[in-house]
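Notes to accompany the following structure.
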Amino acid sequence: QVQLLESGGGLVQAGGSLRLSCAASGLTFHRYVLGWFRQAPGKEREFVAAISRGGQSACTDSVKGRFTVSRDNGKNTVYLQMTSLIPEDTAAYYCAADGYGSGSWTYLSQSSTTYDYWGQGTQVTVSS
């Protein structure tokens, strides 16, 4: 079955960096759009970043210039490099895989409803 396993979360001071990884199995990785979402306590899950099959990426305004999403199809892994972390980045981070639009190299989605598979999440806590 499909599994997405996140790792790399932890406790970091404001201004610090973390790199999240998400290893996928049970799916044809290069055919999927990969996304990162986060959910803070008491808040709805929100889009963070996504990367298309062709490597185009998008991210939410609050992380632009600080977070970078990348993928390694040879390792079936997607990454989220996070720098200049702030306390507002504290949340559980989830990776997800979207199989829609298989003929497009540029398609990607910022909506959680289009993603087919989800990981269990990894906690990121940023102290002030």
Side-chain angles (χ1 to χ4, degrees):
Q1 72 275 22
V2 175
Q3 287 190 323
L4 300 176
L5 183 61
E6 302 97 335
S7 62
L11 174 64
V12 63
Q13 289 188 333
S17 300
L18 284 174
R19 188 176 81 154
L20 305 184
S21 300
C22 175
S25 60
L27 53 72
T28 306
F29 187 79
H30 69 270
R31 293 182 179 176
Y32 283 79
V33 172
L34 285 305
W36 287 96
F37 292 79
R38 66 186 180 187
Q39 188 167 19
K43 294 187 177 182
E44 293 187 354
R45 188 169 298 188
E46 65 171 352
F47 170 77
V48 177
I51 186 165
S52 73
R53 297 171 184 84
Q56 288 83 4
S57 63
C59 59
T60 193
D61 287 346
S62 64
V63 307
K64 282 182 179 177
R66 301 189 298 120
F67 290 13
T68 303
V69 58
S70 62
R71 65 190 295 164
D72 186 335
N73 290 340
K75 295 183 179 180
N76 285 8
T77 301
V78 59
Y79 304 97
L80 185 68
Q81 179 68 50
M82 306 186 294
T83 64
S84 301
L85 285 160
I86 59 178
E88 290 76 14
D89 295 321
T90 295
Y93 283 72
Y94 300 87
C95 71
D98 176 5
Y100 181 78
S102 60
S104 171
W105 289 102
T106 59
Y107 161 81
L108 58 80
S109 173
Q110 300 185 19
S111 172
S112 62
T113 60
T114 67
Y115 286 79
D116 305 297
Y117 303 107
W118 291 82
Q120 293 299 306
T122 186
Q123 179 67 35
V124 172
T125 302
V126 184
S127 63
S128 56

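None of these values were measured; they are calculated from a predicted model.
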**Fill in**
On a heavy-atom basis, the closest approach of Tyr115 and Gly35 is CE2-N, 3.6 Å
**Item:** Close side-chain approach of Leu11 to Gln123, heavy-atom, < 4.5 Å
**Value:** no
**Asked** Atom OG1 of Thr125 and atom CG of Leu18: how far apart are they, to the nearest 0.5 Å?
**Response** 9.5 Å
**Message:** Using 0.5 Å steps for rounding, measure from the CZ atom of Phe37 to the SG atom of Cys95.
**Reply:** 10.5 Å
**Prompt:** Going hydrophobic residue to hydrophobic residue with side-chain gaps under 4.5 angstrom, can you get from Val78 over to Phe67?
**Reply:** yes
**Heavy-atom donor-acceptor pair, Arg66 side chain to Ser62 backbone, under 3.5 Å** = yes
**Item:** Close side-chain approach of Asp98 to Tyr107, heavy-atom, < 4.5 Å
**Value:** yes
**Asked** Do Val63 and Val12 share a hydrophobic cluster (ILVMFWY, side-chain heavy atoms under 4.5 Å, transitive)?
**Response** yes
**Item:** Considering all heavy atoms, the nearest Ser104-Thr106 contact
**Value:** OG-N, 3.1 Å
**Request:** Using the six-membered ring wherever Trp is involved, compare the ring planes of Trp118 and Tyr94 and label them parallel, tilted or perpendicular (cut-offs 30° and 60°).
**Result:** perpendicular
**Prompt:** Does atom CD of Gln120 have more than 12 heavy-atom neighbours, drawn from other residues, nucleotides or ligands, at distances under 6.0 Å?
**Reply:** no
**Prompt:** Is a donor on one side and an acceptor on the other found under 3.5 Å between the side chain of Glu6 and the backbone of Leu20?
**Reply:** no
**Message:** Any heavy-atom pair between the side chains of Arg38 and Glu46 that's under 4.5 Å?
**Reply:** yes
**Shortest non-hydrogen contact between Cys22 and Leu4, atoms and distance** = SG-CB, 3.9 Å
**Asked** How about Tyr100 and Thr114: do any of their side-chain heavy atoms sit closer than 4.5 Å?
**Response** no
**Asked** When hydrophobic residues are tied together by side-chain contacts of less than 4.5 Å, even through go-betweens, does Ile51 share a cluster with Val2?
**Response** yes
**Complete:** Between Leu80 and Ala49, the two heavy atoms sitting closest are CD1-CB, 4.1 Å
**Asked** Linking I/L/V/M/F/W/Y whenever their side-chain heavy atoms sit closer than 4.5 Å, directly or via other members, would Tyr117 and Tyr79 fall into one cluster?
**Response** no
**Request:** Examine distances only and state if a side-chain atom of Arg71 and a backbone atom of Val33 form a donor-acceptor pair shorter than 3.5 Å.
**Result:** no
**Asked** Same hydrophobic cluster for Phe29 and Leu108, using side-chain heavy-atom links shorter than 4.5 Å among ILVMFWY?
**Response** no
**Asked** Does the side chain of Ser111 come under 3.5 Å of the side chain of Ser109 through a donor N or O and an acceptor N or O?
**Response** no
**Item:** Main-chain N/O of Trp105 paired to Ser52 side chain as donor or acceptor, under 3.5 Å
**Value:** yes
**Prompt:** Of the non-hydrogen atoms in Tyr32 and Ala97, which two are nearest, and what is the gap between them?
**Reply:** CD2-CB, 3.8 Å
**Asked** So, do Met82 and Val126 sit near enough that their side-chain heavy atoms are less than 4.5 Å apart?
**Response** no
**Complete:** Rounded to the nearest 0.5 angstrom, the CD-OG distance for Gln1 and Ser25 is 7.5 Å
**Message:** Testing the basics here: between Val69 and Ser57, what is the closest heavy-atom pair and its distance to 0.1 Å?
**Reply:** CG1-CB, 3.5 Å
**Item:** Nearest-0.5 Å distance that lies between atom CG in Leu5 and atom OG1 in Thr77
**Value:** 9.5 Å
